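The structure appears below as structure tokens.
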Amino acid sequence: MNGIRINPHLGLLETLEAAQLIERKLTITANNLANVDTPGYKADGLTFIEVLMKKIGPKYIKIYKETLPFIRKEQGILEYTGEPLHFAIVGEGFFKVQTPYGIAYTRAGNFTLDAGRRLVTPEGYPVLANGTPVVVDPGMTREGFITMENSKLQVSPEGILSIDMTEIGRLDVVTFDDYSKLKKLGKNLYISDGAQERRSENYEIKQGYIEKSNVNPLKEMVNLLEINRTFEAIQKSIRGLDEAIERLLTISQK
Amino acid sequence: MIRALWSAATGMQGQQLQLDVIANNLANVNTPGFKKSRVEFEDLFYQNLKLPGALTAEGTLTPVGMQIGLGVRPVAVAKLFTQGEYQLTNQELDLAIEGRGFFKVILVGEEYYTRAGNFKIDRDGYIVTSDGARLYPEFTVPTGTVKIEVTRDGIITALDSNGNVLAQSQILLYDFPNPAGLYAVGRNLFKASDAAGDEIEGVPAQNGFGTIAQGYLEMSNVDVVEEMVKMIITQRAYEANSKAVLTADNLLEMANNLKR
């Protein structure tokens, strides 16, 4: 028996794998599109890398596709809201927030004050300045004040918070050398997962603005087209393989 | 594929909510004391397909993990308490607050807060809102009053035809640490809530409270152009998400057609 040995599943398995990878890409694209209006959202991307796999079977060498996800760091556009408690970071860095999951990081600057006058995210997580939650107390700088316009709270481009020219703290704006370790937590939050934070240098805080999502709908639409066509090609090749195997089986029956 | 369908569906739902909010803002473009709302979105949770540091087929460690997001979630519809524009009405009971604070009114024994200062006088002489809610502290306009004067620090005076003072009182303002946490009940009224914090009572023009302008109305802070732009964005975002649903559907169909 020196005939050609064919593993009839070989091609099928590879196309199946390709189909699964495409599905993953679609999920990421759909998630990006769903977050087209989420403040501070950074689009996810996916690249494929080829890995040579040797260890299955004695002679079996095949190219194995690995997916390599990445987060697009590009700056999102700024939306003017006029609300003095909305801050946007232009440049590198994240706001630090205190959450039940520990310290988390966010670029979404749609902050508000809670019942205790702390500066918080819409989820109610305190924003940190000098490592402690920011408390906006009207009486802090002017004797007898029990309330005040939010616009009295000023933030400098470096993130120094002040009321009536009196400094009350400096927002912790931090960045990471290794962005790839950052993990998305949902709720517009990232956790560092072992990455070392350091104070960011290249940034500017804009008051009254929100950084919008950096999802580019055009790019995602093109992705959708590509996904659709790639999947079609995969389907065609599975059909072709199916037909080839069918013919092989008919020949062998004769 | 199912994941993509649901992710895109959350996107469509979110944009739908956004449109509801925009429509309500636009409907209230001429409502005195109305404060516009905005929807705050956040990304939904992530599914971890592969953790960073997992072993690859080659025996090396993966430098990055594999996380797939599962869509979007509206976290809040926040009221923006920016100042509305002032409209000169010359009505002596139209009071606008310039700065922080709310009027407190009592309606059927319940306390409410409002910035809509278009007050009237009811048949018993009380100062009331258009819905008949009494201004607190109560002020009765005596019979024979021909003129009512309100100073910028909130002293309300009823004068007769000879300029004699018939009654005088102090209008108080109320504020909260987090007005955005107030509970909007409609009819231009807000109710206190735990999220808004404890009520702060104060005298206009003192301790950080705003001043009162007689003969003016604070109009809605809705900006029509802004809402229109938002509406365009919302429509397009909705459309983009529907395309993602369509693509997922196409893929599913193709997968179903694999088997002849």
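Naming: A, B, ... by sequence-line order, numbering from 1 per chain. This one's a predicted model, so the numbers in the text were calculated from it and none came from an experiment.
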Which pairs of donor and acceptor atoms, one on a side chain in residues 228-236 of chain A, lie under 3.5 Å apart (sequence neighbours left out)?
from	atom 1	to	atom 2	distance (Å)
A:Arg229	NH1	A:Glu232	OE1	2.4
A:Thr230	OG1	A:Glu226	O	2.5
A:Gln235	NE2	B:Met254	O	3.1

With a cut-off of 3.5 Å and sequence neighbours excluded, list every side-chain donor-acceptor pair involving residues 78-88 of chain A.
from	atom 1	to	atom 2	distance (Å)
A:Glu79	OE1	A:Lys212	NZ	3.4
A:Thr81	OG1	A:Glu83	N	3.4
A:Thr81	OG1	A:His86	ND1	2.8
A:Thr81	OG1	A:Gly208	O	3.2

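If you tally non-hydrogen atom pairs under 4.5 Å between each of A:Asn32, A:Asn150, A:Thr29 and chain B, the highest count goes to A:Asn150. When each of A:Gln20, A:Glu220, A:Arg24, A:Lys184 is scored by its heavy-atom pairs under 4.5 Å with chain B, the top score falls to A:Lys184. Contact tally against chain A (heavy-atom pairs below 4.5 Å) for B:Arg236, B:Glu226, B:Glu40: the top residue is B:Glu40. When B:Gly181, B:Gly14, B:Pro179, B:Ala195 are compared by the number of non-hydrogen pairs under 4.5 Å with chain A, B:Ala195 comes out ahead.
Proximity to chain A is limited to the side chain of B:Ala180, based on heavy atoms less than 4.5 angstrom apart. Interface remark: B:Ala237 contributes backbone and side-chain atoms alike to the contact with chain A (heavy atom separation under 4.5 Å). Residue contact with chain B, scored on non-hydrogen atoms closer than 4.5 Å, involves the backbone of A:Leu185 exclusively. Interface residue B:Phe81: only backbone heavy atoms are found under 4.5 Å from chain A. Of the atoms belonging to A:Glu246, it is side-chain heavy atoms, and not backbone ones, that fall under 4.5 Å from chain B. Neither the backbone nor the side chain of B:Gln206 comes within contact range of chain A, judged by heavy atoms closer than 4.5 Å. Of the two parts of A:Pro122, the backbone and the side chain both hold a non-hydrogen atom closer than 4.5 Å to a non-hydrogen atom of chain B. With a threshold of 4.5 angstrom between heavy atoms, A:Asn223 does not approach chain B through any atom at all. Only the side chain of B:Ile200 comes within contact range of chain A, with at least one heavy atom under 4.5 Å from a heavy atom of that chain. Residue B:Gln15 touches chain A through its side chain alone, counting heavy-atom pairs closer than 4.5 Å. With a 4.5 Å cut-off on non-hydrogen atoms, A:Leu46 touches chain B through its side chain but not through its backbone.
Between A:Ala30 and B:Ala4, the shortest heavy-atom distance links the atoms CB-O, 3.6 Å. Here the shortest heavy-atom pairing between B:Gly69 and A:Thr27 reads O-CG2, 4.2 Å. Contact between B:Pro177 and A:Arg117 at its shortest, heavy atoms only, is CB-CG, 3.5 Å.
The shortest side-chain heavy-atom distance between B:Phe41 and A:Asn188 does not fall under the 4.5 Å cut-off. Taking the side chain as every heavy atom from C-beta outward, A:Ile146 and B:Glu201 never approach each other to under 4.5 Å.
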Inset, instruction - Output, in order, the C-alpha distance, side-chain angles, deciding distance and verdict of side-chain contact (heavy atoms from CB on, under 4.5 Å) for B:Arg3 and A:Leu26. - result: CA-CA 9 Å; B:Arg3 281 187 303 220; A:Leu26 177 63; over 6 Å; no

Inset, instruction - For A:Ile227 and B:Leu251, run side-chain contact (heavy atoms from CB on, under 4.5 Å): C-alpha distance rounded to whole Å, both residues' side-chain angles, the deciding distance at 0.1 Å, then the answer. - result: CA-CA 9 Å; A:Ile227 289 163; B:Leu251 260 60; 3.9 Å; yes

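By the 6.0 Å contact criterion, CD on B:Gln170 is enclosed, its count of non-hydrogen atoms from other residues, nucleotides or ligands being greater than 12. No more than 12 heavy atoms of other residues, nucleotides or ligands sit less than 6.0 Å from atom CG of B:Asp198. Enclosure of atom CZ in A:Phe70 by more than 12 non-hydrogen atoms of other residues, nucleotides or ligands within 6.0 angstrom is indicated. Other residues, nucleotides and ligands contribute at most 12 non-hydrogen atoms within 6.0 Å of the OH atom of B:Tyr136. Environment of CZ in A:Arg72: crowded, with over 12 heavy atoms of neighbouring residues, nucleotides or ligands closer than 6.0 Å.
Of the possible donor and acceptor atoms, one in the side chain of A:Asn31 sits under 3.5 Å from a partner among the backbone N and O of B:Gly71. Of the possible polar contacts, none joining the B:Arg100 side chain to the A:Thr147 backbone as a donor-acceptor pair under 3.5 Å is found. Put simply, the side chain of B:Asn241 gets close to the backbone of A:Leu33: a donor and an acceptor are under 3.5 Å apart.
Separation of atoms NZ (B:Lys79) and OG1 (A:Thr112) is listed at 14.0 Å; rounding is to 0.5 Å. Going from atom CZ of B:Phe45 over to atom NZ of A:Lys187 covers 10.5 Å, rounded to the nearest 0.5 Å. Taken from OH in B:Tyr46 to OH in A:Tyr190, the straight-line distance is 6.5 Å, to the nearest 0.5 Å. Rounding to the nearest 0.5 Å gives a distance of 12.5 Å between CD1 of B:Ile68 and NZ of A:Lys25. Interatomic distance, CZ of A:Arg239 versus CG of B:Asn257, reported as 6.0 Å (0.5 Å rounding). A distance of 11.5 Å separates CG of B:Asn178 from CZ of A:Arg118, quoted to the nearest 0.5 Å.
Scanning residues 34-44 of chain A against chain B with a 4.5 Å heavy-atom cutoff picks out A:Ala34, A:Asn35, A:Val36, A:Asp37, A:Thr38, A:Pro39, A:Tyr41, A:Asp44, ordered by number.
In terms of the ring pair (Phe, Tyr, Trp, His ring centres under 6.0 Å) criterion, B:Phe34 has no residue partners (sequence neighbours excluded).
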